[in-house]
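One structure is given here, and the rest of the page talks about it.
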Amino acid sequence: MEVIIQPNQEAAADLVARVVARDLRANPHLVLGLATGRTMERVYRRLVMKHREQKLDFSLCSTFNLDEYVGLFPTDPNSYRHYMDHHLFQHVNIDPRNTHLPNGMAENLDKECDAYEKAIHRFGGIDLQLLGIGKAGHIGFNEPLSALRSRTRVKALTPVTLAQNAAFFGGAENMPRRAITMGVGTILESRRCILLATGEEKADIVARAIEGPLTGMVSATALQLHTHCTVVVDEAAAAKLKEVEYYRWIFENEPEWQQFQSE
Ligand code: F6R
């Protein structure tokens, strides 16, 4: 795992968007794993700008989102399909047939989860997985005590998650209670993953995820097992980390990051 600290949330989102753009230019057939949430909106805004201003080409890439609420139609403004259309897909030249989210309205949810895993496999696996982190440490909707080897399945959302997203639904009582989510094991199979966390409200959980012991109580700690995982944080989200000097040194000295310092 490597940790990169950027001065603020804009710079952190900018770095993540630049990594995605670099990988997409290097491999137009890139299979991208995508996350939703407030943090990612800034990344998608930048990718849309890069498409418009630098002709970043999405025509051959494919995407798989981490999760979708159970019981919401794709047209529901709170569905993650709607989020993705609104923040990214409608504004770039991606082929909608290459964009994938679990179907939260599927008649047989277990079959849907199985089919989702198979589709990821058929596309050759995920090259670059984007991740956010919930206040209780979830990645995707892998709530506390998710098995570290779990696959795509239905999970009940915890009260912390309901509180985190209740505002979108006009109150937690209107929120779906369950979601389909890629498993921790599914996420760990991505070739590379980047977790983006910004803001002081994420500082505690970021410190537990990066510097704390591996535990099913904080799904994001499983990323310590990933062979190529980068965590990008702003100063506010980095506030509770102990080894910041070391992380800054890595960013300044690892060859991969040199090109991102000079741009
Ligand atoms: C959503 C997802 C979640 C979010 C996390 C952070 O697809 O996978 O794990 O990334 O809840 O959400 P924000 O960015 O709204 O704090």
Side-chain angles (χ1 to χ4, degrees), residues 1-66 84 87-89 91-94 98-99 123-133 139-140 182 187-199 202 206 209-210 220 223-224 226-235 237-238 241 247-263:
M1 190 185 259
E2 61 185 348
V3 181
I4 291 173
I5 304 170
Q6 294 290 286
N8 52 51
Q9 56 188 17
E10 297 301 332
D14 198 51
L15 183 69
V16 174
R18 280 156 68 191
V19 172
V20 174
R22 181 202 57 187
D23 285 7
L24 190 51
R25 287 196 179 99
N27 173 14
H29 292 273
L30 197 73
V31 180
L32 266 173
L34 298 176
T36 59
R38 298 170 186 87
T39 316
M40 285 300 152
E41 289 178 21
R42 288 185 197 90
V43 175
Y44 297 142
R45 214 175 296 143
R46 280 171 173 75
L47 288 175
V48 170
M49 263 164 53
K50 285 179 195 299
H51 169 68
R52 289 188 181 146
E53 292 168 11
Q54 301 164 17
K55 300 198 173 13
L56 183 64
D57 182 13
F58 290 81
S59 63
L60 298 175
C61 84
S62 317
T63 64
F64 285 89
N65 265 77
L66 285 165
M84 289 310 305
H87 289 289
L88 184 66
F89 298 156
H91 309 290
V92 297
N93 64 335
I94 198 161
N98 288 338
T99 66
F123 276 70
I126 291 168
D127 294 309
L128 177 61
Q129 176 69 57
L130 299 187
L131 297 166
I133 185 169
I139 46 175
M182 274 187 209
I187 293 168
L188 289 180
E189 275 171 18
S190 59
R191 291 184 188 88
R192 180 176 195 178
C193 64
I194 300 191
L195 185 146
L196 173 64
T198 57
K202 297 284 172 70
V206 160
I210 295 170
L223 296 174
Q224 296 173 21
H226 197 286
T227 49
H228 197 175
C229 176
T230 303
V231 178
V232 179
V233 286
D234 65 354
E235 291 285 352
L241 290 169
Y247 309 143
R248 291 189 212 285
W249 190 91
I250 293 286
F251 184 57
E252 280 156 24
N253 289 282
E254 271 293 338
E256 175 180 11
W257 300 113
Q258 308 270 303
Q259 60 177 299
F260 294 100
Q261 287 164 22
S262 54
E263 267 174 37

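Positions are given from 1, in the same order as the sequence printed here. These numbers were taken from a predicted model, which means no experiment stands behind them.
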Give the C-alpha distance, both sets of side-chain angles, the deciding distance and a yes or no for salt bridge (Lys or Arg N to Asp or Glu O under 4.0 Å) between Arg46 and Glu10.
CA-CA 10 Å; Arg46 280 171 173 75; Glu10 297 301 332; 2.7 Å; yes

Taking side chain as C-beta onward, heavy atoms only, is Glu189 less than 4.5 Å from Gln129?
no

Report yes if some heavy atom in the side chain of Phe58 is under 4.5 Å from a heavy atom in the side chain of Leu47; otherwise report no.
yes

Do Arg192 and Val19 have side-chain heavy atoms sitting under 4.5 Å apart?
yes

Close side-chain approach of Gln259 and Arg18, heavy atoms under 4.5 Å
no

For the residue pair Trp257 and Phe251, categorise the inter-ring angle as parallel (less than 30°), tilted (30 to 60°) or perpendicular (more than 60°).
tilted

Heavy-atom check, side chain of Arg42 versus side chain of Thr198, under 4.5 Å:
yes

Answer yes or no: is there a donor N or O on one side and an acceptor on the other, between the side chain of Asn8 and the main chain of Glu235, under 3.5 Å?
no

May I ask you to decide if Arg52's main-chain N or O and His91's side chain share a donor-acceptor pair within less than 3.5 Å?
no

Expected list for residues 24-32: side-chain donor-acceptor pairs under 3.5 angstrom, two or more places apart:
| residue | atom | partner | partner atom | Å |
| --- | --- | --- | --- | --- |
| Arg25 | NH2 | Gln54 | OE1 | 3.2 |
| Asn27 | OD1 | His29 | N | 3.0 |

Closest approach of Gly132 to Ala35 (non-hydrogen atoms, all atoms of both residues):
N-CB, 4.1 Å

Would you say the side chain of Lys50 lies within less than 4.5 Å of the side chain of Val20, judging by non-hydrogen atoms?
no

Can you check whether His228's main-chain N or O pairs, donor with acceptor, with Glu2's side chain at less than 3.5 Å?
no

